[in-house]
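Worksheet: the structure to be examined is printed underneath.
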There are 2 protein chains.
Amino acid sequence: MNRSTDALALGRLNVPKAGDVLADQLRRRICSGELREGQGLPTERELVEQTSLSRMSVREALRILEAEGLIVTRPGRNGGSQVRRPTGDALIRHLELFIWGRHASLDDLHDVREALEALAAEGAARRRTEADVKELAEKTAALEAAVDDVDAYLAANLDWHKAVARASHNELLVGFMNVLTRVIHDATASEAFDSSQVRASTVRVHRDILAAIVDRDADAARRRMARDVAAARRVALNWDHAHRDRAPQSAPEPPRARPAAETAHHYRSADKADATRNARGTRKRT
Amino acid sequence: MNRSTDALALGRLNVPKAGDVLADQLRRRICSGELREGQGLPTERELVEQTSLSRMSVREALRILEAEGLIVTRPGRNGGSQVRRPTGDALIRHLELFIWGRHASLDDLHDVREALEALAAEGAARRRTEADVKELAEKTAALEAAVDDVDAYLAANLDWHKAVARASHNELLVGFMNVLTRVIHDATASEAFDSSQVRASTVRVHRDILAAIVDRDADAARRRMARDVAAARRVALNWDHAHRDRAPQSAPEPPRARPAAETAHHYRSADKADATRNARGTRKRT
DNA sequence: TCAACAATATTATCAGACCAAATAGAGCGC
DNA sequence: GCGCTCTATTTGGTCTGATAATATTGTTGA
């Protein structure tokens with residue numbers, strides 16, 4: 001055939017759209033510090049004038065930045081777009097999608113979670129503040145108090161692990177752990193923890209971990225946390241293997257390899273920090 | 001004042017826009033498996049008809065999903081939107097923005113990476129196949145061969161680490177490591193590894209790790225990998241501290257703390273799989 | 001003084017058109 | 001028949017202009 005079939009093979013040539021390039025430019029200006037947090041960005045109509053693009057393309061650019069968490073934009077008179085530092089929320093959303101896209105098996109998820117939980121415990125032992133200790137003590141007490149109610153116990157447990165991650169003062173770790181614990185939690189039948197003996201034992205281990213964090217004993221914290229998480233994994237997977245035949249809840253047949261991790265893990269309104277998805281849009285026209 | 005100033009304080013009430021709710025709905029349908037990879041999604045005009053929204057809102061929804069990596073959309077006759085599993089690219093972008101926003105987190109990033117690399121080495125030692133060993137041996141040899149060229153060495157190094165993750169047969173881990181190594185690589189000045197002594201030592205360690213993986217000695221693999229990555233982190237950060245005063249390339253004063261992570265981490269055409277951002281848009285009107 | 005109301009700035013949305021790109025298929029020459 | 005080109009059609013990409021919703025600000029009257 002004609003030449004250049006092998007050399008210079010530039011596949012699929014991604015043509016950027018108008019909104020994309022504007023978003024790129026604005027993003028660069030924001031990240032370079034030229035536009036600071038707080039009030040920034042011209043109004044849409046000013047941008048239209050400056051760029052000589054259409055309103056639509058300008059809005060697309062703003063929408064992209066908004067999805068990235070770089071700006072928030074409000075309607076109304078002193079409205080417009082303000083520059084923001086991205087919080088973890090957007091990152092978490094994308095992490096969740098990423099995990100979904102990988103069809104990771106529950107085993108894989110647990111492996112990664114174990115590694116990160118251990119890291120969190122270690123970091124917490126190293127960098128905890130007094131306030132962290134206070135919070136962790138409270139969460140531990142709450143966990144003990146909830147030991148008789150399976151669902152309350154699971155929620156408290158989730159909460160406790162998140163608090164440990166926070167105490168490590170590693171924001172990235174907090175984000176990863178939030179997502180992982182949530183996905184695993186959603187994919188795990190709560191009946192697996194229906195044994196009060198299991199729960200009591202976990203509470204004991206958690207108290208030991210807390211002690212290690214208080215003592216700033218990073219090594220003990222890591223070891224104990226690793227054991228705790230591994231135990232939880234065994235409990236969950238054992239139950240899962242024993243009851244594998246339960247009815248799939250809604251999707252008729254997730255035909256991928258490992259159905260356990262596939263079914264239920266998207267958009268649960270489980271715990272805190274889920275306010276973004278609440279407001280029901282009751283403002284469509286007739 | 002009037003009542004409800006304290007109780008029922010729902011602040012800032014996030015009003016979702018039309019495009020958002022459509023995007024949510026489509027996302028749910030995609031993630032539930034109702035829409036599968038490959039051809040999917042109706043055309044824009046069909047969606048307009050079905051939802052009785054305007055073309056603009058429909059396009060906003062599609063643009064959101066596209067930014068999330070869930071769909072790709074191509075113009076032209078058999079064009080339209082295809083469902084895709086998100087690759088790491090979108091996640092990489094958001095991770096970079098995130099660590100830009102929390103300016104202290106290059107350290108955090110390294111912490112997480114250390115934990116995951118160790119896990120990868122351990123998993124590789126446990127679950128490697130003969131093919132994995134063969135590939136790892138090749139990559140190790142390539143690394144040795146590239147020891148004299150800094151850039152080639154760094155690329156080979158990246159490649160080697162990815163191969164280890166693959167050998168662990170944990171899809172999630174592979175994805176995470178791809179993302180993390182890429183972000184760290186982009187944020188790290190290659191000059192930091194300008195010492196051939198450092199490189200030679202790293203090669204030696206890598207050979208030891210490979211030996212441990214071949215022997216299925218998970219513990220040794222984990223330990224050695226942890227040491228290797230920690231050493232690399234020290235090298236990078238030391239260089240960073242020593243050269244903190246170099247001129248920032250364009251922005252007059254990035255007022256945040258760590259300029260190293262600020263300058264060069266967006267849109268690098270470093271290694272493979274970066275064909276998406278090349279095409280220069282030369283199609284604006286007169 | 002202050003509460004209701006009008007003016008206004010700004011985003012959100014709609015509507016309809018036209019442009020550009022990619023493919024399918026007809027037509028044509030060999 | 002085979003392959004090329006050219007045209008028609010489908011589809012996303014963009015523009016224009018107008019209207020609605022929303023939030024702030026100023027004003028006015030009790």
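So that the names make sense, note that chain A is the first sequence line, chain B the second, and so on, each numbered from 1.
Other residues, nucleotides and ligands place more than 12 heavy atoms under 6.0 Å from the CD atom of A:Glu138. Summarising the local packing, CD of B:Gln25 is surrounded by 12 or fewer heavy atoms from other residues, nucleotides or ligands at distances under 6.0 Å. Summarising the local packing, CD of A:Glu46 is surrounded by more than 12 heavy atoms from other residues, nucleotides or ligands at distances under 6.0 Å.
A:Arg59 has a side-chain polar atom (N or O) that falls below the 4.0 Å cut-off from OP1 or OP2 of C:dA12.
Under a 4.0 Å N-O distance rule, the pair B:Glu66/B:Arg63 qualifies as a salt bridge.
As a whole-Å value, the separation of A:Asp20 CG from D:dT14 C1' is 13 Å. Computed from coordinates, the B:Leu41 CG to D:dT11 P distance equals 14 Å when rounded to whole Å. Following rounding to the nearest Å, A:Arg63 (CZ) and D:dG13 (C1') show an atom-to-atom distance of 18 Å. The separation between A:Leu22 atom CG and D:dC15 atom C1' is 15 Å, rounded to whole Å. At whole-Å resolution of the value, CE in B:Met56 and P in D:dA18 are 17 Å apart. For B:Arg74 and D:dG13, the CZ to P distance is 11 Å, given to the nearest whole Å. The distance from atom NZ of A:Lys17 to atom P of D:dG12 is 11 Å, rounded to the nearest whole Å. D:dT14 atom P lies 14 Å from atom CD of B:Glu60, rounded to whole Å.
Both A:Asn78 and A:Gly19 sit near DNA chain D, but only A:Gly19 has its closest nucleotide nearer the 5' end. Between B:Gly76 and A:Gly79, the residue anchored closer to the 5' end of DNA chain D is B:Gly76, taking for each the nucleotide with the nearest heavy atom.
Side-chain atoms of B:Arg77 and base atoms of D:dT9 include a donor and an acceptor less than 3.5 Å apart. A donor-acceptor contact under 3.5 Å is formed by the side chain of B:Arg45 with the base of D:dG12. Contact of B:Arg55 with D:dG13 (side chain to base): a donor-acceptor pair of N or O atoms is detected under 3.5 Å.
Distances from the side chain of B:Glu44 to the nucleotides D:dC15, C:dA12, D:dG13 place D:dG13 closest. Distance from the side chain of B:Pro75 is smallest for D:dG12 among the nucleotides D:dT14, D:dG12, C:dT10. Picking from C:dA12, D:dT14, C:dT13 the nucleotide with the shortest atom distance to the side chain of B:Ser57 gives C:dT13.
Going from atom CG of A:Leu70 over to atom CD1 of A:Ile64 covers 11.5 Å, rounded to the nearest 0.5 Å.
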